[in-house]
Student: 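I'd like to ask you about the structure that follows.
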2 protein chains.
Amino acid sequence: MARTEAAIEGTYLRGENGRGDKIAGQVGARNSAAARLRLAVPSVAERVADELRLQLAEGQLPPGARLTESTIAEELGVSRNTVREAFAELTSERLVVRHPNRGVFVASLGAEDIHDVYTVRRAIEVSAIRGGGTPEAVAAVRSAVEEGKRAAAADDEEGLGNANQHFHGAIVALADSPRLQAIMSQILAEMRLAFHKASSDAPFYGGYLIANEEICVALESGDLDRAAKLLLAYLDRSEEDQAAIHGA
Amino acid sequence: MARTEAAIEGTYLRGENGRGDKIAGQVGARNSAAARLRLAVPSVAERVADELRLQLAEGQLPPGARLTESTIAEELGVSRNTVREAFAELTSERLVVRHPNRGVFVASLGAEDIHDVYTVRRAIEVSAIRGGGTPEAVAAVRSAVEEGKRAAAADDEEGLGNANQHFHGAIVALADSPRLQAIMSQILAEMRLAFHKASSDAPFYGGYLIANEEICVALESGDLDRAAKLLLAYLDRSEEDQAAIHGA
DNA sequence: TTTTGCCGATTGTTCAACAATCCAGCGATT
DNA sequence: AATCGCTGGATTGTTGAACAATCGGCAAAA
């Protein structure tokens, strides 16, 4: 928790200098191009949520950890009410759970949750791949597969993990559905929450690479039924793997 | 908007008597049994969100309408901050959209949104029915079908609509997945938002009844593939119907 | 040992203030 | 007459401070 303040200090939020009034102007002055581009400056509450999300994804704030409003408000240099709004957002994303009158805690997924998450993934991903998608969307899937191959060749473990996420993101993107994509990214966030330690298993993603290639080929050849079946099998296997390392 | 205050006054929130401090105690004293039963009293923010959700579903607050923080805070006798928290919740449910610095507005679905909603439904419902489900869950589907038949016989239009919703809820319940169920109920809330006027079309649900029966039979007989195909066809047709009355 | 009752800490909620932002209207300019 | 720029009023975004309600733990009592 010590890193917190420094981390945002440099990017967005103020540290400890009274009221944080003019930061939008400062950022705009220092980086006017970016300021002009995204003309919608995220609200402070959103930025707090972003920061917390980041710490959650990185495994700072382990599951079960308690998040005290006043502490976080102080560390991030914002008001307690604002932290509260950020908590509301994170709660709706299931990254954090609220125990009434006791506080919010980092969500921790049990075995049923893992199964449930995969149930959602099966529903979404299989449905998306069954739809086929535009040639460009299919190309994006192929691109993610190649990215994975390169990472494997370079022995880049983290890159492999990212490529795998891109792959599944591209699968969902086949459906061209904002809502499905939103759901998927939430689900992935939940998984990161529970598995960020597991991602350090070296030969872990290795087997997936072949499966991804197979799925991609089936998709490209228009054999959607086969692609769907392969993807389903992949997800089942992945669930087993995750359940194994999680239960242990 | 005039009904607002009275509506909650009688149930949950206070009216206009200074600080709303002791209401929890009052309610508890006046109805101690209930207080002991549901030991988790929903927070004020949640109650505000509930009330707004209700008005949204009932078609009070038409799509596009603006929700001013101060106005609602006054009407419901709560603080602006609390209203704000309720807004955050509704925003995460897509029932309401936030235009930064301009306020929140009742969401209004365009043609793409309708299509998107159905894309999600196809993914979830088809996946759920493909899984089969326990005998009890199947029985629940059957029960919803029968409910629909009774409503049709009694010429109960609203009952027919409810039965239809129960039917699809039961379909999703087949998957026994809290997350899928949550997603589905949000999607249904979105649809209510856009279609509450359309539900007064009399012969509207009529055709669906037969489809539901067919799907249910296929499900009961274990022919999941056929059930899934029928359900998919149903959803496609339903989307067309909705798009028609929406576009017109 | 179990229960009771109290204490400190934290949450839930309110209120009041103020800067930032947007919108509508209005006048000035072309 | 149409456009531009300005200004004022209204609303949002955020803060800080206050206080009751509630929870968990701990010590005293049974």
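Throughout, a chain's letter reflects where its sequence line sits, starting with A, and its residues are numbered from 1.
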Student: Show me the pairs that pass side chain to side chain donor-acceptor pair (under 3.5 Å) and involve residues 97-107 of chain A, at least two apart or across chains.
Tutor: none

Student: Please check if the side chain of A:Ser79 supplies one atom and the backbone of A:Asn81 the other of a donor-acceptor pair under 3.5 Å.
Tutor: yes

Student: How would you list all residue pairs meeting side chain to side chain donor-acceptor pair (under 3.5 Å) that involve residues 169-187 of chain B, not counting sequence neighbours?
Tutor: A:Asp113-B:Arg179, A:Asp116-B:Ser177, A:Asp116-B:Arg179, A:Glu190-B:Arg179

Student: Is there a residue in residues 82-92 of chain B whose heavy atoms reach under 4.0 Å of DNA chain C, and which residues are they?
Tutor: B:Thr82

Student: Considering residues at least two apart in sequence or located in another chain, which fulfil the salt bridge (charged side-chain N to carboxylate O under 4.0 Å, His left out) criterion with A:Arg121?
Tutor: A:Glu125

Student: Can you tell me how far P of D:dT11 sits from CD of B:Glu74, to the nearest Å?
Tutor: 11 Å

Student: Provide the closest heavy-atom pair for A:Val48 versus A:Ala86 in the form atom of the first, atom of the second, distance.
Tutor: CG1-CB, 3.6 Å

Student: Whole Å only: how far is the CD atom of A:Glu46 from the P atom of D:dT12?
Tutor: 16 Å

Student: Can you see which heavy atom on B:Val172 is nearest to which on B:Met184, and at what distance?
Tutor: CG2-CG, 3.6 Å

Student: Got B:Thr71 and B:Glu75 here, is their nearest side-chain heavy-atom distance under 4.5 Å?
Tutor: yes

Student: Does the side chain of A:Val106 come within less than 4.5 Å of A:Leu95's, by heavy atoms?
Tutor: no

Student: Counting C-beta onward and ignoring hydrogens, is there a side-chain heavy-atom pair between A:Leu67 and A:Phe87 closer than 4.5 Å?
Tutor: yes

Student: Just the atom pairs and distances: protein N or O near nucleotides 7-10 of chain C's N or O, under 3.5 Å.
Tutor:
residue : atom : partner : partner atom : Å
C:dT10  : O3'  : A:Arg66 : NH2          : 3.4

Student: Looking only at side-chain atoms of B:Ala45, point me to the closest of C:dC15, C:dT13, D:dT14.
Tutor: C:dT13

Student: Distance check needed: C:dC18 P versus A:Asn81 CG, whole Å only.
Tutor: 18 Å

Student: Does A:Arg98 contact C:dG12 through a side-chain donor or acceptor facing the base, at a distance under 3.5 Å?
Tutor: no

Student: Quick one: bend of the helix from C:dT1-D:dA30 to C:dT30-D:dA1 from 5 pairs per end, to 10°?
Tutor: 20°

Student: Counting only side-chain heavy atoms from C-beta out, which of D:dT14, C:dC15, C:dT11 sits nearest to B:Ser79?
Tutor: C:dC15

Student: To check you understand the geometry: which heavy-atom pair defines the closest contact between A:Leu193 and A:Ala107, and what is its length?
Tutor: CD2-O, 3.5 Å

Student: Whole angstroms only, please: what is the CZ-P distance between B:Arg80 and D:dA10?
Tutor: 15 Å

Student: For the residue pair A:Asp241 and A:Glu239, establish whether any side-chain heavy-atom pair is separated by less than 4.5 Å.
Tutor: no

